[in-house]
Amino acid sequence: MINFGLLTAILDGWSFEEAVDIAADLGFKCLEVACWPAGKAERRYAGVSHIDCERVCEDDAYAKYVNDYVHAKGMTISSLAFYPNTMDADLAKRNAAIEHLKAVIRASGKLGVGMVTTFIGRDQHKTVDENIELFKEIWPGLIALAEENNVKIAIENCPMLFGKDQWPGGQNLMCTPAIFRRLFEIIPSPNFGINFDPSHYVWQQMDYIKTVHDFKDRIFHVHFKDIKLYPEKLAEVGVLAYPLEYMSPKIPGLGDVNWSAFVSALNDIRYNGDAVIEVEDKAFESCREDILKSIRLSKRYLDNFIM
């Protein structure tokens with residue numbers, strides 16, 4: 001049975017307690033909790049921090065408070081979420097991302113969550129093969145740390161390629177089945193897997209149902225997000241244009257993901273993990289009430305498929 005929840009990144013400006021209360025009131029069973037370091041976000045939906053991971057690692061009372069507050073609402077934490085670029089060409093940014101990711105891994109272990117959702121990262125100006133060499137340098141140590149802390153690492157398959165600032169290669173290497181296979185061959189650890197989001201397959205024109213079946217043992221966590229592809233715009237600019245010129249992230253049900261088929265595939269592989277709504281729809285960002293509306297609408301739609 002799928003454990004249905006919410007990624008808290010959309011609740012920027014709400015406190016940890018308010019985020020938990022909102023999710024509980026809406027009937028969610030779990031939370032993927034945003035855990036960026038405190039400070040200004042470099043991009044939309046990043047920089048949100050509902051749990052201070054460094055403090056969790058150092059303060060037993062705070063760690064207990066976090067767990068107690070979530071459990072008192074009848075929920076669990078599906079994952080601690082931090083989506084940086086651990087292979088950034090800027091070494092200062094790269095090292096900062098890696099160090100905070102280590103803190104998130106340790107905090108996930110201490111809280112008993114046992115899951116961290118993140119990106120592999122990518123130097124957007126290097127080839128796939130060059131980035132795989134970077135992966136070999138950076139990621140074995142991170143996965144070893146996860147193993148030591150009894151934590152699974154689930155990599156979201158978002159290419160992080162939307163506009164000119166992420167051009168040409170994007171900022172997350174692990175975004176296609178072919179690359180999944182190569183990276184799993186390099187690090188075959190059972191603690192290394194996928195946080196699967198079908199929406200990214202829509203504009204890349206790949207088969208998300210086949211991937212569910214092909215990687216059923218590597219899917220540790222799931223995102224429910226949608227994307228709308230605009231054929232008339234694609235016909236004007238072509239696939240080599242910035243992707244946001246011909247597609248747009250949407251709440252579930254307002255894009256092109258076949259949710260009936262996707263959830264059916266998850267049931268077929270007996271997926272019984274956590275799946276959370278990720279809201280990144282600009283049409284619902286004008287005020288707090290619109291943000292809450294987007295969450296309510298998303299849950300109402302997906303309740304048709306999830307038991």
Side-chain angles (χ1 to χ4, degrees), residues 2-3 5 7 30-36 51 53-54 56-57 63 66-67 70 76-87 94-95 97-122 131-158 160 171-197 200 211-223 266 269-276 278:
I2 294 172
N3 201 34
L7 170 58
C30 65
L31 281 174
E32 179 185 3
V33 183
C35 293
W36 273 261
I51 292 177
C53 288
E54 283 81 2
V56 166
C57 294
V66 167
N67 270 333
V70 173
T76 60
I77 298 174
S78 70
S79 175
L80 302 188
F82 174 47
Y83 296 91
N85 187 352
T86 64
M87 304 203 303
R94 179 191 300 181
N95 291 333
I98 290 170
E99 289 308 308
H100 186 68
L101 182 56
K102 289 177 180 178
V104 176
I105 291 169
R106 293 187 183 101
S108 184
K110 184 170 181 178
L111 290 170
V113 173
M115 187 79 69
V116 168
T117 37
T118 189
F119 291 145
I120 286 294
R122 176 171 176 163
N131 273 281
I132 286 176
E133 292 306 309
L134 269 179
F135 170 80
K136 291 177 182 178
E137 295 175 17
I138 294 168
W139 275 89
L142 289 169
I143 299 302
L145 179 65
E147 291 171 343
E148 292 168 12
N149 286 272
N150 197 29
V151 170
K152 290 185 175 182
I153 303 293
I155 307 296
E156 187 184 349
N157 55 293
C158 175
M160 286 307 293
Q171 296 175 349
N172 184 36
L173 178 65
M174 194 165 165
C175 58
T176 70
I179 295 176
F180 296 166
R181 291 187 176 91
R182 292 183 69 178
L183 301 191
F184 289 143
E185 285 177 3
I186 295 166
I187 304 180
S189 170
N191 290 57
F192 179 39
I194 302 167
N195 177 24
F196 192 55
D197 184 335
H200 302 301
T211 292
V212 168
H213 289 278
D214 288 351
F215 294 91
K216 62 182 180 180
D217 296 326
R218 292 287 188 171
I219 297 176
F220 295 167
H221 197 271
V222 171
H223 273 179
L266 292 175
I269 67 167
R270 304 296 189 268
Y271 179 77
N272 61 358
D274 299 312
V276 305
E278 180 185 20

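Sequential numbering from 1 along the given sequence is applied to the chain's residues.
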Could you tell me the separation between the [atom1] atom of [X] and the [atom2] atom of [Y], rounded to the nearest 0.5 Å?
{"X": "Phe135", "Y": "Leu142", "atom1": "CZ", "atom2": "CG", "value": "9.5 Å"}
{"X": "Leu266", "Y": "His213", "atom1": "CG", "atom2": "NE2", "value": "8.5 Å"}
{"X": "Glu54", "Y": "Lys102", "atom1": "CD", "atom2": "NZ", "value": "13.0 Å"}

Kindly give the heavy-atom pair with the smallest separation between [X] and [Y], and that separation in Å.
{"X": "Cys158", "Y": "His200", "value": "CB-NE2, 3.2 Å"}
{"X": "Ile105", "Y": "Val151", "value": "O-CG2, 3.6 Å"}
{"X": "Ile2", "Y": "Ala275", "value": "CG2-CB, 3.6 Å"}

Ignoring hydrogens and geometry, is there a side-chain-to-backbone donor-acceptor pair from [X] to [Y] under 3.5 Å?
{"X": "Lys152", "Y": "Gly193", "value": "no"}
{"X": "Arg122", "Y": "Met87", "value": "no"}
{"X": "Asn172", "Y": "Gly121", "value": "yes"}
{"X": "Asn67", "Y": "Leu111", "value": "yes"}

For this session: Please report the C-alpha distance between Asp274 and Ser79 in whole Å, then the side-chain angles of each, then the deciding distance to 0.1 Å, and finally whether the side-chain contact (heavy atoms from CB on, under 4.5 Å) criterion is met.
Result: CA-CA 9 Å; Asp274 299 312; Ser79 175; over 6 Å; no

Exercise. Would you call the rings of His100 and Phe82 parallel, tilted or perpendicular if under 30° counts as parallel and over 60° as perpendicular?
Worked result: perpendicular

Exercise. Do other residues, nucleotides or ligands put more than 12 heavy atoms under 6.0 Å from Asn150 CG?
Worked result: no

Validation: residues 173-190 side-chain donor-acceptor distances under 3.5 Å, sequence neighbours left out:
{"residue": "Thr176", "atom": "OG1", "partner": "Ile179", "partner atom": "N", "Å": "3.3"}
{"residue": "Arg182", "atom": "NH1", "partner": "Asp129", "partner atom": "OD1", "Å": "3.1"}
{"residue": "Arg182", "atom": "NH2", "partner": "Asp129", "partner atom": "OD1", "Å": "2.9"}
{"residue": "Ser189", "atom": "OG", "partner": "Glu147", "partner atom": "OE2", "Å": "2.6"}
{"residue": "Ser189", "atom": "OG", "partner": "Asn191", "partner atom": "N", "Å": "3.0"}

Problem set entry | Full working for side-chain contact (heavy atoms from CB on, under 4.5 Å) between Tyr271 and Lys216 | CA-CA 8 Å; Tyr271 179 77; Lys216 62 182 180 180; over 6 Å; no

Between [X] and [Y], is any pair of side-chain heavy atoms under 4.5 Å apart?
{"X": "Ile120", "Y": "Asn131", "value": "no"}
{"X": "Leu134", "Y": "Arg94", "value": "yes"}
{"X": "Val276", "Y": "His221", "value": "yes"}
{"X": "Phe220", "Y": "Ile153", "value": "no"}
{"X": "Leu145", "Y": "Leu101", "value": "no"}
{"X": "Phe119", "Y": "Asn85", "value": "no"}

For this session: Go through Glu32 and His223 one step at a time and tell me if the side-chain contact (heavy atoms from CB on, under 4.5 Å) criterion holds.
Result: CA-CA 10 Å; Glu32 179 185 3; His223 273 179; 2.7 Å; yes

Exercise. Checking side-chain contact (heavy atoms from CB on, under 4.5 Å) for the pair Trp36/Tyr83: CA distance, chi angles, key distance, verdict?
Worked result: CA-CA 8 Å; Trp36 273 261; Tyr83 296 91; 3.6 Å; yes

For this session: Can you spot which of Leu31, Thr118, Ile51 makes a side-chain contact (heavy atoms from CB on, under 4.5 Å) with Leu80?
Result: Ile51

